[in-house]
Amino acid sequence: MIKRIADWLLKLLCYPKYHRDIRGDLEEIHNKRKKRGRIVADLMYLKEVISLMRPSVVKPFRFTFFNSSLGIVRNYIVIAIRQMLRNKVHAAINISGLAIGLACCLLISLYILDELSFDKFHHNADRIYRINSHSSIGGNERQWALSPSSLAPALLETLPQVESIARIGTIGKSSQFVKYNEVVYDESSGYGPYGKAFFIDSTFFEVFTYKPLAGSLEIASKKPQSAIITRRIAEKIFGERQVIGESLEFANLGKYEITAVIGDPPGNAHFQFDYLLTNEFDTESPRNFFWARSYVLMHNGAGLDGIVKKIDSIGLATEPGLEKNGIYMSYELQPVTDIHLNAGYEYELYPANDIRYVYILSIVSVFILLIATINFINLSTAQLTRRSREFGIRNVIGAGRGQIMLQFFIQSLSTTMIAAIIGILISIFALDVFNQFTGKQLSLSSIATWQGLSVVALMLGAISFVTGLYPLAITNSATPISMLKEELKPGSTTDFLRKVMVVFQFGISVTLMAATFIIIQQLHFLQNEDLGFNTDQILLLSVDGKVPVNRLNAIKHGVQQVSSVQWATLHSGGPGKHTNVMVMVPEGFDDKTTHRIDGIYADFDFVKTYGFKLIAGRDFNPALPTDSLNFILNRSAVRKFGWEVEEAVGRKINYPSGGPARGPAKGGTVIGVTEDFHYASLHNEIGPFMIGIHSSNFRGLGFSFLSVKTHSSNIKETLTRIGSVWDDLEPNRPINYSFLDQSYANQYRSEEKLSQTISIFAGLAIFIACLGLLGLVLFVTQEKTKEIGIRKVLGASLPQIIVLLTTGFFKLILIGNIIAWPVTYIFLKDWLEGFAYHVDINLLVFVFAGISTVIIAALTIGYQTLVAALSNPVNSLRYE
Amino acid sequence: MKGTFIGELEELVLLTSAFLANEAYGVAIVAEIKATTGREVNIGAIHTVLHRLERKGFLTSRLGGATSERGGRRKRIFSLTPSGESALTRIFQIRTRLYKKIQPTFS
């Protein structure tokens, strides 16, 4: 085998005059060496041949080959262009379909490349890992992007493989108001859920790579009370970049001196920020941050084998308190580059993307390209029959099979290249829209690497190859004579394959269309499902939990004075936002079996403001002082505790020792039960929920929101009036509000994107498939002109002829539908299972998608068939 | 002129072919050079040199007998032309003259 390759190489490259001699000598040496083993001899032989390749032996490339074929190649290109001009419709269909397909592929590749490049810009990206936690609390398993902040330093100390660590601590939104020169900047709404400012470790920049624009990161990160800001902030606040030494005042945190300015974090990073504040982790009591996002930088070449188990035991040793409180932890190291495409961790700094959506996008874009390629194949096959005389003559004159293949290839290549140029132009124009849609800053330059370009070249080559050579391959048996006689009719296999391809095209189109319908239905369902309360006209103002309760109450009362405000209520968390976890011991359970359920603490007006439906008991009554210790449960909570709704009222619920209540309050009584309501998104099932009255002696639990229910349609006026009340009472803080229905809608943003994307793709797929259909109908009607003429002369009616021309296609579309339906059903069922609440797949959707494709196809081919059917038989039958 | 000068390897090959007389073909020359000088010369290099010498007119070649171990191919036997012989003589004279200049005891 090896020897054969070597021989072939020798023959290919060696100057023919010397070939015989050299070959003989080599053979002789090889024979002598054979005694030492066949393979060794063969390898030596190959080595000899390769070292033989010196200028004097190698066949002189005088470009004779290229010279002689260049002329004919030029001729092929000319013929290809003439063919396109002659069959303008076919060329247009091929080129436009391919161009759209290529543009889709190009844009999607940009998107996918960007998704895959997340966090790779750090110099040590392959050695950075984030410590994630799996927690198990009372049988409730959760995955967090956090770990105890004491764990990373412990790892650094005990594990020799760890080179350095970095931790990121989030800062309460209420502290993210930055004052400079008496101007307050609200930085509390960030790129992810946590605002724009973060605390970092002094070793942060040993792990992560950022470019300093001013100041030294090394010094800056070690200096206490210093702030490292990004370029955009330096430009926003100061209008320049030389801002070292200035100080910024953070609400509640005090003054921070700017010690460095760095470039904006790239868009493909899971950590998006504008301010990094130092010192907090390095103080005496880092307990302020029990949890932190922690990263470790491993030493070069250090494996991860066995480390994870050690981390678990180190974690247990560092924070024994967790397990004592019934929180069982285990840890994992996640490569920093994997973070972005691994949805499923809570408390991510930046919303992770679901890798399934990346897959869906890539599969769909490939499908579109496939549909376009199939058009191309089908149309070239159709054309081939018409050009058979040309090939017959070429063959007779002396063109070999190889040359005819070359011609076909060049012809396809010309079409593909034109399509590629148009496709690139389309993607340049569409890039802006696409960027807006994906929220990314993609540019075509990211594909202009040699790898990217060679992939593009390969793809274009492959398309030309398939579309050029497939039609030829199916006429394999054609002899020059048969070609000259124009007997080159596609055989039954060809016909069959063409049908299969049409079925495939329409199968894909129907799949995408049905998927669009179902996804839109589900989205509509998510957005309109009865949540158990009314989200309309509820305004959420964020408030600062550290502000004394009486001041918050003053704001609340002020807001309530506004005439269009119906109710206002202060609460710790809430529907559509985060909720708290309540630890309790319900009546009938012993003190050790604590229950943890979701819940919130609010004031007396909460139930009224949100309008929850009470199915037993009563609402909180401010006139009864004991009510501040009582609770309202939802139906699921009652069920969880094993009670009946009616008998739940009056039951006692106690806090376990170490619970949030201080002082004598050990618990309270259930006074009411509400119907279940969706306090979280519809991805999750409704869990047990509890509403308690907030008390000022709760540890670390403050109000976060002031919800305002208005009954006016003039939202704008109401907002201005609430705003002026706010500014009077809280002058140091700009008002920050959101609408509850919007914050609910935002939870389904990724589904909304999916539905938009799929519908765009479905539209494109159907469009390209119909283009192909149109091309085929044009071809068939032309082929059958005479037949139609004869049939008409013999008395066929118009409908009969239309049926004759179209039945075949509709059969194919129908088969495509029937194949597509179960496939779509299976895929979408799987997708819908991801929602706790979802629509059932209505089988009518498939029928609807099927009928739509038939109608669209009918519209596409209708005109052409009608023209053919109406044509005067004299014209088609005249023989002159 | 290109034709009048001879490189070191060329000289070696020329000498070896003169010595091997009727057995001067690729493999034999490689083996002989290895035996006398200990140098491992690649067969391709030898062919290059042989053909170059032939082009320069120092060598001429004819086809010899075929052996089975050559896969039935015939050997190309090289022999010196008169101009090859005179080239060797000239080189020898030039070398000797130079050696004598630095060390008269060379004879």
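Naming: A, B, ... by sequence-line order, numbering from 1 per chain. Both backbone and side-chain heavy atoms feed into the values below; hydrogens, waters and symmetry mates do not.
Heavy-atom neighbours of B:K34 NZ from other residues, nucleotides or ligands within 6.0 Å: at or below the threshold of 12. At most 12 non-hydrogen atoms from other residues, nucleotides or ligands lie less than 6.0 angstrom from CD1 of A:I39. At most 12 heavy atoms of other shown residues, nucleotides or ligands fall within 6.0 angstrom of atom CZ in A:F465.
A:K32 touches chain B through its side chain: at least one heavy atom from C-beta onward sits under 4.5 Å away, while N, CA, C and O do not.
In this structure, the separation between CD1 on B:I43 and CD on A:E28 is 8.5 Å, given to the nearest 0.5 Å.
Contacts with chain B were tallied for A:L26, A:D25, A:N31; A:D25 has the most, counting heavy-atom pairs under 4.5 Å.
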